[in-house]
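Take a look at the structure set out below.
Please read all numbers here as calculations on a predicted model, not as lab measurements. Whatever order the structure lists ligands and atoms in, that order sets their numbers, starting from 1.
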Amino acid sequence: MSTRGLILAIESSCDETAAAIVERGSRTLASVVASQIPTHARYGGVVPELASREHLRAIVPVVRAALDEAGVGFSDLDALAVTSGPGLAGALLVGISYAKALSFAHNIPLVAVNHLEGHIHAVLLHERESRLSTDLASAAKEEKNSAPEEEEEESALALVVSGGHTHLYLAKPAHGSWSYSLVGRTLDDAAGEAYDKVAKLLGLGYPGGPWIDALSCYGNPKAVPFAFSQIKHKVHLGGEPPRTKAAKTAPIAALDPHFLFSFSGIKTAVLRYVEQNGLREGAEARLVETLAHPKPVQTREAALALCPQPVLDLIASFQRAVVGDLMKKTFAAAEALGAKRVLVTGGVSANRELRERLTREAERRGIRAMFPTTALSTDNAAMIATAAWPRFLAGEFAPEDLSADPTLALGR
Ligand code: KG4
Ligand code: ZN
């Protein structure tokens, strides 16, 4: 066994088959992501059976590619890591079964990782890699310690905002490992789910987030006044878990209603607006176009050719409202809990408006806003290897009977 601190991680919780090799949770040697977007795009969402089939096809070549890219073999690895949940059961099982087989065949310990913890660690990985490159640059200039070693000892508020989750956690570091407490969450749809559903009903491609992100700058964000009402106490008095496909968590009655999200209302409001303003007709024709050209359009001319101005205005207004709501509740929680750092992660954290506005508002409040790189925002395995590192050091290995837990919760 090597002493380089190399972890090979596998991620297969949804529609990306990914493998990565990360050194000591702070330097990526390889990160390979095989996307299934073309398979699911024509259905406008992930089809679980197709996802499992595609993972089965991709898993071996993806792991092989990661080893080749890093220039290492199995004997160089200190541990394997795999996402054990939350996610699609069949999809998770492909990654888990392969990781267990590799662990057994090569006698390498296996660490099980919660996908949500992985997303949080994507921010930390990016932070450590940026620090490393600053250190190297200043060492090259022979400056000593120009970047102060800011250790991650302060609690941070983490917003995990993706296609399956919109969760707020207080993340507390302690001697290298982390603990989490759930602070807020969505009662129904995740923000990414709302992006995907709105894009679908407007005849845009899948996933919808990148399309809405690319088109929103061509519309008037004040054209359609969407509003989010404050969640009332009575909504969650029963303490029942919310009806989402995401992770099971503690009863939401315990959570402050100011930190609860709800995105199903805005999706219905967009649908109503589309119907009342005769915008439905264009959607079907647009779908043919967007399926033929799967990349979001990037110029005003292309946006106008695809969507008339009222649709662009609707898109811009939708995004303005969602970003505003995410910011409002995130900052409310950060202030209430005295967090001086906000980590924003998950697929929706790739959104340009969210990054710009949240960063500006954080500066105004004296809070540090941290995001992963765009590539690390969406699902990848480098974040899983990073989250596995402190668990590996603590000797927290997966049991032999490790199985998929589609509703695995993070923290308390
Ligand atoms: O984290 P992720 O890759 O998978 C899950 O764990 O769900 O997130 C995927 C979600 C999708 O809903 C997608 O539409 C959304 O992230 N997304 C975006 C952007 N890029 C991806 N949403 C808004 N703006 C983006 N640029
Ligand atoms: Zn994810």
>> With salt bridge (charged side-chain N to carboxylate O under 4.0 Å, His left out) as the criterion, how do Arg53 and Glu49 come out once you've worked through the C-alpha distance, each side chain's angles and the decisive distance to 0.1 Å?
In response: CA-CA 6 Å; Arg53 193 190 68 188; Glu49 292 75 11; over 6 Å; no

Atom pairs and distances, donor-acceptor, side-chain atoms in residues 27-34, under 3.5 Å, two or more places apart:
| residue | atom | partner | partner atom | Å |
| --- | --- | --- | --- | --- |
| Arg27 | NE | Glu23 | OE1 | 3.2 |
| Arg27 | NH2 | Glu23 | OE1 | 2.9 |
| Thr28 | OG1 | Glu129 | OE2 | 2.8 |

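Between the side chains of Gln36 and Glu54, no donor-acceptor pair is found at a separation under 3.5 Å. Under the 3.5 Å distance criterion, with hydrogens and angles disregarded, a donor-acceptor pair is assigned to the side chains of Ser377 and Arg355.
Checked by distance only, ligand 1 and Asn351 come closer than 3.5 Å through their nitrogen or oxygen atoms. Residue Gly209 has at least one N or O atom closer than 3.5 Å to an N or O atom of ligand 1. Every N/O-N/O distance between Glu16 and ligand 1 stays at or above 3.5 Å.
Contacts of Asp379 with ligand 1, taken as heavy-atom pairs under 4.0 Å, involve both backbone and side chain. Looking at His119 against ligand 1, only its side chain comes within 4.0 Å, counting heavy atoms.
Between Lys267 and the options Asp188, Asp196, Asp189, a salt bridge (charged side-chain N to carboxylate O under 4.0 Å, His left out) holds for only Asp189. Each of Asp313, Leu312, Leu314 was compared with Cys307 under the side chain to side chain contact (heavy atoms under 4.5 Å, CB included) criterion, and only Leu312 meets it.
Between Leu50 and His40 the shortest side-chain heavy-atom distance falls below 4.5 Å.
Against a heavy-atom cut-off of under 4.0 Å, His115 is close to the following atoms of ligand 1: 6 (O). Near Thr378, meaning under 4.0 Å from any of its heavy atoms, are these atoms of ligand 1: 3 (O). When each atom of ligand 1 is checked for a heavy atom of Ala350 under 4.0 Å away, the hits are 26 (N). In the vicinity of Gly163, heavy-atom distances shorter than 4.0 Å reach the ligand 1 atoms 5 (C), 7 (O), 8 (O), 9 (C), 10 (C), 12 (O). Near Pro207, with a cut-off below 4.0 Å to any heavy atom, the atoms of ligand 1 are 13 (C), 14 (O). Near Gly164, the atoms of ligand 1 lying under 4.0 angstrom from a non-hydrogen atom of the residue are 7 (O).
A parallel orientation is assigned to the rings of His106 and Phe74, their planes being inclined by less than 30° (bins at 30° and 60°). Taking the six-membered ring where the residue is Trp, Phe261 and Phe263 present parallel rings, their angle staying beneath 30° rather than reaching 60°. Ring geometry for His167 versus His165: interplanar angle over 60°, hence perpendicular rather than tilted (30 to 60°).
Using a 4.0 Å heavy-atom cutoff, Pro210 is listed among the residues neighbouring ligand 1.
Heavy-atom neighbours of Arg365 CZ from other residues, nucleotides or ligands within 6.0 Å: above the threshold of 12.
Of the candidates Gly192, Gly347, Gly87, Gly346, Gly347 brings a heavy atom nearest to atom 20 (N) of ligand 1.
Salt-bridge check for Arg368 with Glu127: passed, with a basic side-chain N closer than 4.0 Å to an acidic carboxylate O.
Of all protein N, O or S atoms, those under 2.8 Å from the Zn ion (ligand 2) number 3.
The protein non-hydrogen atom at the shortest distance from atom 11 (C) of ligand 1 is Asp196 OD2, 3.5 Å. Among protein heavy atoms, atom 26 (N) of ligand 1 sits closest to Asp213 OD2, 2.8 Å.
For the pair Asn380 (side chain) and Ala382 (backbone), a donor-acceptor distance under 3.5 Å is present.
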